[in-house]
Amino acid sequence: MLDIRQLREDPEAIKTRLKARGGEAWILIDEILSCDEKRRAGETEKQQLQSDRNRISKEIGALRKEGKDASAIESRVREIGERIKAIGEEADTAEARQIELLLQVPNLPHADCPVGSDETANPVVREWGTKPTFAFETKDHVEIGARLGLFDFELATKISTGGFVTFTGAGARLERALIQFLLDLHTETHGYDEVSPPYIINRDCMFGTGQLPKFEDDMYGLENGAFFLAPTAEVPVTNLYRDQILKETDLPVKVTAYTPCFRREAGSAGRESRGLIRMHQFDKIELVNIVHPDESYAQLEKLTTEAEAVLQRLGLHYRTIELCTGDVGFSSAKTYDIEVWAPGHGAYLEVSSCSNFADYQARRMKLRFKDAAGNNRFCHTLNGSGTALPRLYVALLETYQQADGTVKVPEALVPYMKRETIG
RNA sequence: GGUUAGGUGGCUGAGUGGUCGAAAGCACUUCUUUGCUAAAGAAGCGUACCCGUGAGGGUACCCAGGGUUCGAAUCCCUGCCUGACCGCCA
């Protein structure tokens, strides 16, 4: 959520930055400001009346104690009470509208964010490793997995529906090995605390991190929208800190979690989604940071390298891109995507998205810290995938496939797989 | 799911219609003092919003939402949550 004070001060500057996203959100700004004015005028008047009522009510108490008649001023207070109610309702209506609109306005892209209208304008900021070459004809992960019996889409459809997968045998073990490997890496090397949150989470969480009110259709809702299957661990983990005032010395908070993620992926049919690439349920290790506002952009760089470390340890070629203003997510001010090379597909696959939300989520969820001067200030929140598993899985199978049809297990995973070859 | 007891400030815990934003203790901050790794004394110490250049002033908040009343932490209703016991269960 944007800061209403900043909005009052310079609405034109905010509109300009919103326009860089390409959406229509900037149109809402004028109505938000007029609601804000109505709200404040109503509140001021209401508070004056409340002050009058409090004073006169006390007089009634005093008169009664002395045994005197107070009926004259009682009716006056009753009148004030009615006006308070009427004015209060007007102010509440304006406030509700203001909040409703404000929740629909995305974050402002950071000033350095490259300007562009879509993903074709996203610059590559760095690459690591090179595309591997093969002396034999490469297969994609769907073929490799089928031959080695690692996963089965039809089995999943039988017990669920399309868009799900059942990992089997060594394939299931590989999934588990990756979870273990990634959690160990982030907790032991990068200093994260591990949590394991509920996967069914309430509606407030969704507003806190910005999925609601705009993206309800992307998620699996339960109990008439009172609860949702978590679309990413970002939501439960960041919301652990909702409505909190942290000590400055608590910062930075670094928390990692493994969770399955559930997404409807409505409207993505027909896009690149072969095999494991786009699932309704997928596993992900998430990295969440809560930091001092002065440090969030430096922390974003660090967080991104922590996610990149995953691919380096597994020896997978990747590139890191920065999202332009037209492609950066709703709540984010600045985002890097990490894309791993999948030789069988001949394409880069997004395995991580690392974002700085600045104070946007913190303001929505009232996540603050008390600074040295005793002021409560909003924290900055960040998160990054560290990483999503299915596409990592794809890249592993396709990168480490061998001429005989087996797959070599990368050294870092051998202790977890307890074997050097799959198949 | 049933029965029952509760939900008050960072924590513990008073407070059953007006002078309660709320006693007291603990914790915390600053100062004073003695001195040494502790003790004593004093003051301060919730959140949000509104008005004001400012100093400052005001309003709301005692789980949430309604209601009764001139006036609600206090009475009534609903919901949520927590504990205990019972049922059920991995």
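Chain identifiers are assigned alphabetically (A, B, ...) following the order of the sequence lines, protein sequences preceding nucleic acid strands; residue numbering begins at 1 within each chain.
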[N] - base-pair partner by Watson-Crick or wobble geometry, distances under 3.5 Å:
| N | value |
| --- | --- |
| B/rC85 | B/rG2 |
| B/rA14 | none |
| B/rU32 | B/rA40 |
| B/rU19 | none |
| B/rC61 | B/rG46 |
| B/rA55 | none |

Expressed in whole Å, how much space separates the [atom1] atoms belonging to [N] and [M]?
| N | M | atom1 | answer |
| --- | --- | --- | --- |
| B/rC26 | B/rC45 | C1' | 13 Å |
| B/rG15 | B/rA22 | C1' | 8 Å |
| B/rU8 | B/rA64 | C1' | 15 Å |
| B/rG17 | B/rG13 | P | 23 Å |

Residue whose closest nucleotide on RNA chain B lies nearer the 5' end, A/Ile4 versus A/Gly374: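 With A/Ile4 and A/Gly374 compared, the 5'-side residue is A/Gly374.
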What is the 5' to 3' range of RNA chain B, first to last nucleotide, that sits under 4.0 Å from any heavy atom of chain A?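 Under 4.0 Å from chain A, the extent on RNA chain B is B/rG18 to B/rG71.
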For residues 194-208 of chain A, tabulate all N or O donor-acceptor pairs below 3.5 Å that involve a side-chain atom, not counting sequence neighbours.
residue	atom	partner	partner atom	Å
A/Asn202	OD1	A/Asp204	N	3.3
A/Asn202	OD1	A/Cys205	N	3.3
A/Arg203	NH1	A/Glu216	OE2	3.2
A/Arg203	NH1	A/Gly225	O	2.8
A/Arg203	NH2	A/Glu216	OE1	3.2

Would you mind classifying the nucleic acid contact of A/Lys370 as base, sugar-phosphate or nothing, using non-hydrogen atoms under 4.0 angstrom?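 Sugar-phosphate contact only.
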Using a 4.0 Å cut-off on heavy atoms, which residues in residues 77-95 of chain A reach RNA chain B? List them by number, or say none.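 Going residue by residue through residues 77-95 of chain A, the ones with a heavy atom under 4.0 Å of RNA chain B turn out to be A/Val77, A/Arg78.
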For RNA chain B, which residues of residues 35-51 of chain A approach it to below 4.0 angstrom with any heavy atom?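 Hits under 4.0 Å, by residue number: A/Arg39, A/Arg40, A/Glu43, A/Thr44, A/Gln47, A/Gln50, A/Ser51.
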Test item: side-chain donor near acceptor, A/Ser296 and A/His380, under 3.5 Å: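 Note: A/Ser296 and A/His380 side chains meet the donor-acceptor criterion.
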Pairs flagged by ring pair (Phe, Tyr, Trp, His ring centres under 6.0 Å) wherever residues 14-52 of chain A is involved - sequence neighbours left out: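 Matches after skipping sequence neighbours: none remain.
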Selection residues 63-115 of chain A - residue pairs positive for ring pair (Phe, Tyr, Trp, His ring centres under 6.0 Å), sequence neighbours left out: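 Residue pairs with at least one partner in residues 63-115 of chain A: A/His110-A/Tyr297.
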May I have all residue pairs that pass side chain to side chain donor-acceptor pair (under 3.5 Å) and include part of [range], sequence neighbours excluded?
| range | result |
| --- | --- |
| residues 413-423 of chain A | A/Asp184-A/Tyr416 |
| residues 74-83 of chain A | A/Arg64-A/Glu74 |
| residues 220-246 of chain A | A/Tyr220-A/His280, A/Thr232-A/Lys284, A/Glu234-A/Gln361, A/Glu234-A/Asn383, A/Asn239-A/Arg242 |
| residues 166-177 of chain A | none |

For A/Tyr318, ring-ring contact (aromatic ring centres under 6.0 Å, His included) partners two or more places apart: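 Counting only residues at least two positions away or on another chain, A/Tyr318 forms a ring-ring contact (aromatic ring centres under 6.0 Å, His included) with A/Trp128.
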Using the salt bridge (charged side-chain N to carboxylate O under 4.0 Å, His left out) rule, collect all pairs that involve residues 321-331 of chain A, keeping only residues at least two apart or in two chains.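 Every pair satisfying salt bridge (charged side-chain N to carboxylate O under 4.0 Å, His left out) with a residue in residues 321-331 of chain A: A/Glu322-A/Lys334.
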Interatomic spacing from CG in A/Asp10 to CZ in A/Arg17 - rounded to 0.5 Å: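 A/Asp10 atom CG to A/Arg17 atom CZ measures 10.5 Å (nearest 0.5 Å).
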